[in-house]
There are 2 protein chains.
Amino acid sequence: MTILMDYREAMNRQLVTALRSHPRVELETATLKTGDFLIDNILLIERKTFTDFVLSIKDGRLFRQAVRLANAKKVATMILEGTSGDIKAIGMKREALQGALICLSLKFNLPVLRSMSPKETAWLIVAAAGQCTSTRRTEKHPFPRPAPAKRTNIHQQQLFILQGFPGIGPKRAKLLLKTFGSLKAIFSADPSEFKKVGGIGNVTAEKIWEVIHSQRGG
Amino acid sequence: MTILMDYREAMNRQLVTALRSHPRVELETATLKTGDFLIDNILLIERKTFTDFVLSIKDGRLFRQAVRLANAKKVATMILEGTSGDIKAIGMKREALQGALICLSLKFNLPVLRSMSPKETAWLIVAAAGQCTSTRRTEKHPFPRPAPAKRTNIHQQQLFILQGFPGIGPKRAKLLLKTFGSLKAIFSADPSEFKKVGGIGNVTAEKIWEVIHSQRGG
DNA sequence: TGTTTTCGATCTTGA
DNA sequence: TCAAGATCGAAAACA
């Protein structure tokens, strides 16, 4: 079994030692674009300590990573490492933790395994790899992935585009889309119709209309 | 939110009480073929105590259930209820537990959530249902879009907006604007017209059109 | 199948 | 110390 390990993880002595101690494991260091471990090009694993976990929630990194893991054409999982003492020390509310786990598991189809120590993390990696590879030998895909809950949200993209207009931030973008229903309706509206939307005045309405209708060279 | 609860779970007083205490929850008892809870016909949940869990591994019931849950066209998850003390009391080895969790998560694509008590199980059910049913959660906090450096030039603004569409970067944005002349013309075009622009093919054309015309709730 | 474009990530610079 | 800009590489889409 060949484990490609991201170079960052290579600095974790305990984990590396534990992995090397497995006779069937061949460990290589590489630069992985997504995830921390790639086993036999089948199984993709992201390892996070609780501290990492909390930080990556705060800066929104967690969910971007989750999307990418789910989109990779691999079996993907996250291993969350730490004890209940760690959670308390960080000061994370249990509800917040559970909420994040629900989101990862159900919205992103990314299962989360729990580990108490680097040593157990190593064990989990090997065990998971063993189950995935053996699965592959017997049947190709025993159970098709449940409906891809992933699928980038069109609504989100529409809001994103609206925010490109001058004077339009998240709040007004949401109001506009709610009022008009679709981007097409917004792009076909008159300045006077914009002003009916709360928070948009004369100046902003005119600017938006101008950007939409301005022709090349005019 | 309507929760269909299997009649066997109805005997769990603590759980039922906790569920009823949620104002938005409408609780009904039914005979479910698969799983223990079905929420809004979207989310399917199997609840197990550690004791159940161990027993159902031994008699092979666990994996048959997992197959059924995975095959149901719903978002499915298992809630494992109990404390670490319970595990010890049962005498289950940690490796065996982890092995089973790996199998459920990766082989059967059935994520497992952990709960300490019936009360927390109720909380988990409601929270999970909330995340699965409401796409509105993202509506509340749209991600802000980083603004461009210069906003003075109208032409630049138009290009910036076009780059908000999927698959559109600087090159294609410029080509689009050059071909159609104004944003208005682009937003009124058919997918087939997009494809005439060099560098834009089927996939991108359809995506753009979808973002423009997609209506709220459809 | 080869080439181009986009997109995410990292690195760097400057406040 | 953090944020915005430039750079780089990989994946996806085009032809």
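Chain letters run A, B, ... following the sequence lines, proteins first, then strands; residues in each count from 1.
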Check your understanding: Between A/R8 and C/dA9, does any side-chain N or O lie under 4.0 Å from OP1 or OP2?
Key -> no

**Study point:** Integer-rounded Å distance: C/dG8 P and A/D6 CG
**Key:** 19 Å

Restricting both atoms to N or O, compile the protein contacts to nucleotides 6-8 of chain D shorter than 3.5 Å, with distance only.
none

Revision key, fill the gap. Per side-chain contact (heavy atoms from CB on, under 4.5 Å), B/K74 is matched among B/L38, B/I42, B/L43, B/I45 by B/L38

Point to revise | Cation-pi, A/F194 ring and A/R172 (6.0 angstrom, 45 degrees) | key: no

Study note, to complete from the structure: A/L69 CG to C/dG8 P, in whole Å, measures 14 Å

Between protein and nucleotides 11-15 of chain D, what N or O pairs are separated by less than 3.5 Å?
unit_1 : atom_1 : unit_2 : atom_2 : d
D/dC14 : OP1    : B/G201 : N      : 3.2
D/dC14 : OP1    : B/T204 : N      : 2.9
D/dC14 : OP1    : B/T204 : OG1    : 2.2
D/dC14 : OP2    : B/V203 : N      : 3.4
D/dC14 : O5'    : B/G201 : N      : 3.2
D/dA15 : OP1    : B/G199 : N      : 3.1

Review point. Taking the side chain from A/Q158 and the backbone from B/S214, do they hold a donor-acceptor pair closer than 3.5 Å?
Key: yes

Check your understanding: What is the ring orientation for B/F165 with B/F187, classed by angle as parallel under 30°, tilted 30 to 60°, or perpendicular over 60°?
Key -> tilted

Check your understanding: Within this structure, what is the CG-to-P distance between A/L4 and D/dA10, rounded to whole angstrom?
Key -> 14 Å

Practice item. Whole angstrom is fine here: how far is it from CD1 in B/I168 over to C1' in C/dG8? Key: 18 Å

**Study point:** Rounded distance in Å - OH (A/Y7) to P (C/dA9)
**Key:** 13 Å

Exercise for review: Write down the atom of A/L101, the atom of A/L80, and the distance for their closest heavy-atom approach.
Suggested key: CD2-CD2, 4.1 Å

**Study point:** A/Q14 side chain vs A/P118 backbone, donor-acceptor pair below 3.5 Å
**Key:** no

**Study point:** Shortest non-hydrogen separation from A/I39 to A/I125 and the atoms involved
**Key:** CD1-CG2, 3.9 Å

Practice item. Using whole Å, report how far CD of A/Q65 lies from P of C/dC7. Key: 20 Å

Practice item. With sequence neighbours excluded, tell me which residues meet ring-ring contact (aromatic ring centres under 6.0 Å, His included) with B/W209. Key: B/H213

Review point. Any side-chain heavy atom of B/L104 sitting closer than 4.5 Å to one from B/L62?
Key: yes

Review point. To the nearest angstrom, how far is B/I208 atom CD1 from C/dT6 atom C1'?
Key: 12 Å

